[in-house]
Each structure stands twice: as C-alpha cells, then as structure tokens.
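Because the structure is a prediction, the values reported are computed rather than measured.
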Amino acid sequence: MDNVWGFVFVCYRGFDMSTEFKKNQIKRFISLNRAIYIFMILTVFLSRITELMDNSILMLYYVALILLVLSLDRFVFFRRVKLLDQEAEFPGTLFRVRTCIYIILFSVGGVIDIIPPALVVCIYMCIMYILIQDAIFCEVFDIVNNCLVISIMLFISGIMLFFIQYRKLVNGIWINGYAPPLVVVIIVCNLLYLIFDWIIRYMEERNKKLLFENEEIAEENKKLTLFREKVEKVNSEINYQKIELTKANDDLAESNLETRTLINVMKFFSTSFDIEKNAQVMVENVMELKDARIVGIYISENVYMNENPYIEIKAENDTSFKLLENDITDIYKMVVELGSFEPVVLCENHEFKYKFLTGGNICNAVAFPAFEDKDIYGVMVVASGKYDFFINGYSFYESAVMDFTSALISDRLYLKTEEMAKKDGLTKVYNRVYFNQFYHELKKNVLESGDALTVVMLDIDHFKNVNDTYGHLAGDEVIKMVGAVDNKYAELHQGTAVRFGGEEFLLILRNTGLSEAYDILKEMHDEITSTVVEFEDMKIKINISMGVSSYKETCDDIDALVDRADQALYYSKTHGRGMIVIDGREEESSS
C-alpha cells in the first residue's frame, strides 16, 4: 500500500514535488501493477489446474486480457513519465474511459462460462484496484457523478459476472438472491471511492496550508537572503578596508623604516668626510633594506678631487656584480645624454627599455641620476629579480641620492679646506706644516715595518738671480714647474712631494732603496734641467741640486734623515751645484 499512497501524493496535481521523485513513484506503481496482474494470471492458472474452472477458452481469455492490460498500462504510465518532463497535465478522461473498458473486459468472462467463486473475488479485487486508479487520476472530484458512474459500471459487471452465468443454476424467485451481494459490492466500492476522495481532499487542504506556509517561509527566506547579501556586502567592504588598512600599515612601517635608514645614513655622512666610504654605506643600506639583487653607484671623475671615476657595487652573486660592473659606465653616459633628472627605467617586469643588464634574470631595474646644479655627476642603479619591485615608487631611492649629493658637497668643501691647509697654495704639493704632522707617523710606521725610507731634498740653483732677472712672477712659474715635476715622480713611485720652504722641496720615497731612488732622481733631475719655463716672452732654464739620505743604508737614525739629506744638499751647493749628492758618499757625487 505504500506504493499506492506514494502514487497518490505524486499524481495529485496539487502537490509540488520534484520531477525525479514523481518518476520514481510512478515506476514503483508500475511494479505494483505487474505484481497484481501476475497474481491474477496465477489465480487463473490455479483455477484451471485445480479444475475449479474447466473451460480452457475462459482461461486463455483472462490470460490474454491481463497481458493486454499490462501492455496498455505500460504505455499509459510511461507516457505519464514523459509528460512530467514536459510539465504537462495527465489526461484524466483517458483514465475514465480506461476504467470503464477494463471493468467491462474483466466482466465479459461471465458471459463466456461460469467463473469459479475464488476467481470472481480476484476479479472484483482487480476491479476495485482499477477504481482506485480512477480516483487517483480523475481530473475533477465530483462525488455524485463519480459514484453514479462507479455504480453503473459495477452493476453492469455484476449482471455479467452473476446474473448471466448463474441464472442457469437458479430458477424462480431465488434468482433475486444475487441482488444483495451485487448491492454490497457496489456499496463497498463506493465507500472505498469516498474514502479515497476524503483522503485526497484532506491532502489538498493540508497541501494548501503547507503551500501558504511555504510562501511565508519563502518570503522570509527571501528577506533573509537579501539581509545575508547586505551582510556579505558589508563584510566584503570591511574585509577590503582591513586589507587596505593592513596595506597602509605595511606601507607606513616600510616608510618609517626607510626614514630611519635615511636618518642613520645621514648621521654617518655627517661624521664622515670620506666620500667613497659614504658611497659604500649608502649602497649597503639600500641593498639590505630593499633586498635588491644589485645596487651600484657611479661617480664621474673630478667630482671630489678624484682623477678617475669611482664605482661601488653590491650584488647577491658574482654574476650580478659583473653584469652591472660592465654596464654601469654606459648607463651613466646614457643618462647624461638623456639629460633627465628623473629616474630612468631600464627594465620593468622583464620588459627591457634599454639594452643594459640583460642576461642576468633581472625583472626590474632603474637608474637614479645624481646631479648638482643641474649637472649630472653620477648615477645609482638598483635592480631586482622580483616582480613589481618598485610598486611603491622611487622616493626612497631619490632621497638617498639627494642625501648623498648633499653630503658630497659638504665633504668636498671640507676636503678642499683641508687640502688648502695641507698643501702649498702656489705649487699644490704638501706644505711644511702638513709634513711635520704626517712625517712623525711615517717614521713610526717605518720603524715598525722595517721598510726602507729615502728622503731627497732639492733646491733651485741661483733662484735669487731668476727673481732679479725675470721678476718674482717668473720665479713663481719656475717654482710651480719644479713642484709639478716633484709631485709627478712622487705619484709615480707612491711617494710624497713637499715644498719645504722657498725654493726647497722634499721627495719622500717609502720602501725604496738608495739604488732605486738614485735612478729616479737622475731621471727627475734631467727632466727639470731640460724643461724650459715660458713666461710672457721669456724662456727660462734652471738647474737644481739634490741631497739624498736613506734609512738604513746611509743613516741608522731615522730622526736624523732629513738633516742628513739637507747636509748632502749643502755639499752640492758648496761644491759646484747641479749635483745629486748621497749622504756619506759626497766624494762620489755627480751632476
């Protein structure tokens, strides 16, 4: 019966159930149909086997009828399944015609021959089952009309099953005895129909109530859905604001870190007057703070009294180091040609704007010009292998370069001031004041290391005659020439040139023995004596005297080294001038 009730729920058009559920219930109903009709066939066969029915034609009729009904029902119910997919109503009229035909066909057997009572009961059970299907599938529940149709059909079937076949067995008034059972059958079937009608009406009311409740629930769900959407939207906005706030906090933290780094760098700049050391500190801080792959700075020549360009590079590996080392000079030249004081993007997210730094897995690279008074004196290059490395802009790097430029200007001024204090204003070689400062430290280092130290004192011969003959300005030009040659040989041999006073100069050569020093002085002496000083329309040639003393070859007392060189010079002055005199070997002197 579960199949029947399930099918009632499915087929009644008031119920809103899923199509898949309805299909499953119809398939179960088809199985129920098969079971009932197979039971009927078995009953027919048993009636014949037990000889309750001795008419084979009657047996074949009911077997054929049941098979026909099975086939027709299969078509009818499978059509119902297809209509469910099309959301179409099942034609109730079809079932009303089907009900009438089935009842008549099942009753026709009583015309053929006498039917055993057991089989009559089964036939009426089947008829009742057909009536139940009619009650389920009818389109309109009109109790009067439906009961009238049922009564008529049951009366016709009763006439066929009872009266026609049993009238031969009973005569006279006793034939009326068949009327009560027929009336009972009609009443029972109508009662069953009414019960089904009441059940369906009850379900209809319940369904309407459920539908109304469902509508209210659906409306509430709709409101809840709208509220949930609003809440989700608010949550999304809050999450977005959290993300933005987190990003802002991260940016602020990074900005604070950048500021602290710049402050620390500036503190170092303010206490250091070594421009190259300042460059190293700046590059190291940028490299560490930004976690870059390469950071390098290029400073052109003659920016801070440097005769050659200065390059400082920090890289995470040798390949990156060599990559920038090879390209940084060309990058500087390119920036100068562009004449731009703004950052120059070399590569942005693997897209190279210029043919620099290629082949090193560089993702982003920017050149930051270093300029002073609209003159570009250098460039800082920052490169990384990370995507969107410069997403927060260039302000930190530009600030670092500007801070370095400010420090460079201050340092250069300090160095110039210091240089002026150390060097002679006319010849630009070290003066005697600076000599007195550094020579004490030099002697200490030589004593500790055991290196050789040679001191040469030289003097312009007859310099007073030059001043008297050509004038003091011409004399200044002569002194400048001698100082320049002295400084030239000092730089060539890692020595120091000093204007000791007036026309006297020193050449100090560390780690240089007497023999090597003598060859240097010979070349130096020849260059000075062969140089013609041109002043206005005058051409001036001079001669010089030299005195040489070397620790420990000619003098064991390093403190007496300068005095011994002066004595050797004095010997040259008093014995013909123009000579190179070695301390302790005056007799071997030569011009």
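When side chains are defined from C-beta on, Cys555 counts as touching Ser549, because their heavy atoms get closer than 4.5 Å. Here the side chains of Thr469 and Ile540 are not in contact, with every heavy-atom distance at 4.5 Å or above. Considering only heavy atoms from C-beta on, Val295 stays 4.5 Å or farther from Ile313 through its side chain. A heavy-atom distance below 4.5 Å is found between the side chains of Leu426 and Ile479. Side-chain contact between Val482 and Leu458: present, with at least one pair of heavy atoms (C-beta onward) separated by less than 4.5 Å. By the 4.5 Å heavy-atom criterion applied to side chains, Tyr439 and Gln437 are not counted as neighbours. Within the 4.5 Å cutoff, no side-chain heavy atoms of Asp583 are placed close to those of Val548. Side-chain contact between Asp486 and Met524 is present, with at least one heavy-atom pair separated by less than 4.5 Å.
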Expected list for residues 364-382: side-chain donor-acceptor pairs under 3.5 angstrom, two or more places apart:
{"from": "Asn364", "atom 1": "OD1", "to": "Asn349", "atom 2": "N", "distance (Å)": "2.9"}
{"from": "Asn364", "atom 1": "ND2", "to": "Asn349", "atom 2": "OD1", "distance (Å)": "3.1"}
{"from": "Asn364", "atom 1": "ND2", "to": "Lys386", "atom 2": "O", "distance (Å)": "2.9"}
{"from": "Glu372", "atom 1": "OE1", "to": "Arg412", "atom 2": "NH1", "distance (Å)": "3.2"}
{"from": "Glu372", "atom 1": "OE1", "to": "Arg412", "atom 2": "NH2", "distance (Å)": "2.8"}
{"from": "Glu372", "atom 1": "OE2", "to": "Arg412", "atom 2": "NH2", "distance (Å)": "2.4"}
{"from": "Tyr377", "atom 1": "OH", "to": "Thr405", "atom 2": "OG1", "distance (Å)": "2.7"}

Can you give the donor-acceptor pairs under 3.5 Å from side chains of residues 489-510 to other protein atoms, not counting sequence neighbours?
{"from": "Tyr489", "atom 1": "OH", "to": "Glu527", "atom 2": "OE1", "distance (Å)": "2.6"}
{"from": "Glu491", "atom 1": "OE2", "to": "Asn487", "atom 2": "ND2", "distance (Å)": "3.3"}
{"from": "Arg499", "atom 1": "NE", "to": "Gly502", "atom 2": "O", "distance (Å)": "2.9"}
{"from": "Arg499", "atom 1": "NH1", "to": "Asp424", "atom 2": "OD1", "distance (Å)": "3.3"}
{"from": "Arg499", "atom 1": "NH1", "to": "Asp424", "atom 2": "OD2", "distance (Å)": "3.1"}
{"from": "Arg499", "atom 1": "NH2", "to": "Gly502", "atom 2": "O", "distance (Å)": "2.9"}
{"from": "Arg510", "atom 1": "NE", "to": "Asp451", "atom 2": "OD2", "distance (Å)": "3.4"}
{"from": "Arg510", "atom 1": "NH2", "to": "Ser449", "atom 2": "OG", "distance (Å)": "3.3"}
{"from": "Arg510", "atom 1": "NH2", "to": "Asp451", "atom 2": "OD2", "distance (Å)": "3.3"}

Only pairs under 3.5 Å count here: list side-chain donor-acceptor contacts from residues 223-233, not counting sequence neighbours, and write none if there are none.
{"from": "Thr225", "atom 1": "OG1", "to": "Asn221", "atom 2": "O", "distance (Å)": "2.6"}

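A salt bridge does not link Asp327 with Lys355: every distance from a Lys NZ or Arg NE/NH1/NH2 to an Asp or Glu carboxylate oxygen is 4.0 Å or more. With respect to the salt-bridge test (charged N to carboxylate O, under 4.0 angstrom), the residues Lys480 and Glu477 qualify. Ion pairing between Lys443 and Glu441 fails under the 4.0 Å rule for side-chain N and carboxylate O.
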Kindly determine whether Glu288 and Lys314 satisfy side chain to side chain contact (heavy atoms under 4.5 Å, CB included), including the steps that lead there. CA-CA 10 Å; Glu288 181 179 355; Lys314 296 294 180 183; over 6 Å; no
Which is it for Glu351 and Lys353 under the salt bridge (Lys or Arg N to Asp or Glu O under 4.0 Å) test, yes or no, and what are the steps along the way? CA-CA 6 Å; Glu351 183 180 349; Lys353 313 292 184 180; 3.6 Å; yes
Which is it for Tyr394 and Val345 under the side chain to side chain contact (heavy atoms under 4.5 Å, CB included) test, yes or no, and what are the steps along the way? CA-CA 11 Å; Tyr394 307 130; Val345 178; 3.5 Å; yes
Where do Ser320 and Asn317 land on the side-chain hydrogen bond (donor to acceptor under 3.5 Å, both in side chains) test, with the steps shown first? CA-CA 6 Å; Ser320 299; Asn317 53 57; 2.9 Å; yes
For a side chain to side chain contact (heavy atoms under 4.5 Å, CB included) check, start with the C-alpha distance between Ile299 and Phe404, then their side-chain angles and the critical distance, and finish with the verdict. CA-CA 11 Å; Ile299 302 174; Phe404 178 78; 3.6 Å; yes
Could you walk me through whether Ser545 and Asp461 pass the side-chain hydrogen bond (donor to acceptor under 3.5 Å, both in side chains) check? CA-CA 7 Å; Ser545 297; Asp461 293 337; 2.7 Å; yes
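The environment of Gln280 atom CD is dense: over 12 non-hydrogen atoms of other residues, nucleotides or ligands sit within 6.0 angstrom.
If you take CG on Leu514 and CG on Leu521, they are separated by 9.0 Å, rounding to the nearest 0.5 Å. Residue Asp318 holds its CG atom at 10.5 Å from CD of Glu325, rounded to the nearest 0.5 Å. Remark: Leu473 CG to Met538 CE distance equals 8.5 Å, nearest 0.5 Å. Distance check, rounded to the nearest 0.5 Å: CE of Met334 to CD1 of Ile331 gives 6.5 Å.
Between Phe389 and Tyr397, the ring planes lie tilted relative to each other; the angle falls in the 30° to 60° range. Ring geometry for Phe438 versus Tyr434: interplanar angle under 30°, hence parallel rather than tilted (30 to 60°).
Using a 3.5 Å distance cut-off with no hydrogens or angles, the side chains of Tyr518 and Glu516 do not pair a donor with an acceptor.
With hydrogens and angles disregarded, a donor-acceptor distance shorter than 3.5 Å links the side chain of His525 to the backbone of Gly578. A donor-acceptor distance shorter than 3.5 angstrom exists from the side chain of Asn326 to the backbone of Lys322, with no hydrogens or angles considered. Side-chain atoms of Ser572 come within 3.5 Å of backbone N or O of Met579 as a donor-acceptor pair.
A cation-pi geometry, defined here as NZ or CZ lying under 6.0 Å from the six-membered ring centre and within 45° of its normal, holds between Lys423 and Tyr430.
The side chain to side chain contact (heavy atoms under 4.5 Å, CB included) with Cys363 is formed by just one residue from the set Glu348, His350, Arg293; it is His350.
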